[in-house]
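Worth saying up front: this structure is predicted, and the values here are computed from it rather than measured. We're numbering straight along the sequence, starting at 1.
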Amino acid sequence: ELGVVGNLTESWEISAGVSTMDTEVKRGLANQNGLPITWSPDFTFTSWTTYRTPFGLSIGGGFRYVDSMIRPVSTNPNNPPPPPEQTNMRTIPDYWVVDAMLAYAVNEKVSLQLNAYNLTDEFYVASLNNSGARYSPGQPRSALLTVNFQF
């Protein structure tokens with residue numbers, strides 16, 4: 001895993017991170033040993049940047065990438081996998097998500113922030129249960145407006 005966080009200028013912040021994993025079950029059920037850990041992406045990436053203007057407006061945006069994930073099935077001849085037509089979802093496709101943010105300091109005590117999620121309205125699977133039978137969809141295109149008060 002590698003992450004970078006910093007300022008390009010006094011008003012411009014960036015952060016980025018990448019992660020790669022090569023997982024393996026070392027001690028588990030006989031039909032799991034040596035297989036990758038279920039639903040572990042090999043590669044992920046995230047980036048975010050925010051620019052603050054002199055008049056109180058901040059603009060930000062970024063990308064998230066998650067590599068495809070699998071539910072490995074044993075190839076052990078003593079414990080063969082079920083036929084494909086009887087198998088739940090075995091793969092989650094990779095996906096990219098784009099998010100953005102606008103914030104404005106009304107005064108020293110009040111600020112507004114608008115976050116926009118999944119701007120391209122990418123359909124993606126956020127998670128699956130272990131068997132692959134039930135999934136949680138990723139967040140669709142949406143927005144959240146927040147008013148912050150300081151006292």
Side-chain angles (χ1 to χ4, degrees), residues 1-29 31-74 84 86-151:
E1 182 175 2
L2 176 65
V4 176
V5 177
N7 287 42
L8 295 177
T9 69
E10 191 173 299
S11 300
W12 188 7
E13 301 172 1
I14 63 164
S15 67
V18 295
S19 176
T20 183
M21 293 187 291
D22 184 13
T23 65
E24 180 182 343
V25 175
K26 296 287 188 180
R27 196 169 71 189
L29 299 175
N31 65 343
Q32 294 175 321
N33 291 333
L35 294 176
I37 295 174
T38 301
W39 310 129
S40 297
D42 290 337
F43 182 79
T44 59
F45 170 79
T46 183
S47 68
W48 187 264
T49 185
T50 304
Y51 182 78
R52 281 186 297 288
T53 66
F55 51 88
L57 180 68
S58 294
I59 303 166
F63 301 93
R64 293 178 281 138
Y65 173 76
V66 177
D67 202 357
S68 61
M69 295 176 270
I70 64 166
R71 179 174 51 88
V73 175
S74 173
Q86 296 176 9
T87 304
N88 294 320
M89 184 178 243
R90 289 195 48 215
T91 304
I92 298 175
D94 68 329
Y95 60 87
W96 283 92
V97 177
V98 181
D99 301 321
M101 178 273 301
L102 284 173
Y104 180 69
V106 177
N107 58 43
E108 289 182 16
K109 303 280 186 187
V110 179
S111 64
L112 303 170
Q113 184 166 325
L114 176 65
N115 287 76
Y117 304 102
N118 194 1
L119 293 175
T120 61
D121 206 20
E122 174 79 12
F123 175 80
Y124 64 99
V125 175
S127 65
L128 276 164
N129 72 327
N130 194 40
S131 72
R134 291 181 302 278
Y135 79 96
S136 296
Q139 185 172 17
R141 181 184 302 134
S142 56
L144 176 65
L145 178 62
T146 306
V147 179
N148 299 301
F149 299 98
Q150 294 181 7
F151 51 91

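- Here the shortest heavy-atom pairing between Val125 and Tyr135 reads CG1-CB, 3.9 Å.
- In the displayed structure, Phe63 atom CZ is contacted under 6.0 Å by at most 12 heavy atoms of other residues, nucleotides or ligands.
- A distance of 9.5 Å separates CD of Glu122 from OH of Tyr95, quoted to the nearest 0.5 Å.
- Put simply, the side chain of Pro140 reaches to within 4.5 Å of the side chain of Asp121, judged on heavy atoms.
- A distance of 11.5 Å separates CZ of Arg64 from OG1 of Thr44, quoted to the nearest 0.5 Å.
- Atom CD1 of Ile59 sits about 10.5 Å away from atom OG1 of Thr49, to the nearest 0.5 Å.
- The shortest non-hydrogen separation linking Val66 to Pro41 is CG1-CB, 3.9 Å.
- At a threshold of 4.5 Å between non-hydrogen side-chain atoms, the residues Asn7 and Thr9 do not count as touching.
- Taking the six-membered ring where the residue is Trp, Trp96 and Tyr65 present tilted rings, their angle falling between 30° and 60°.
- Annotation for Val18 and Phe45: closest pair CG1-CD1, 3.4 Å, computed over non-hydrogen atoms.
- Of all non-hydrogen atoms in Asp99 and Asn118, the two that sit nearest each other are OD1-N, 2.9 Å.
- Nearest heavy-atom pair across Glu10 and Arg52 is O-NH2, 3.8 Å.
- Side-chain contact, Thr46 with Trp48: no donor N or O sits under 3.5 Å from an acceptor N or O.
- Glu108 has its side chain out of reach of Gln150: every pair of non-hydrogen atoms, C-beta onward, lies at least 4.5 Å apart.
- Considering every non-hydrogen atom in both Ala105 and Ser111, the closest pair reads CA-CB, 4.0 Å.
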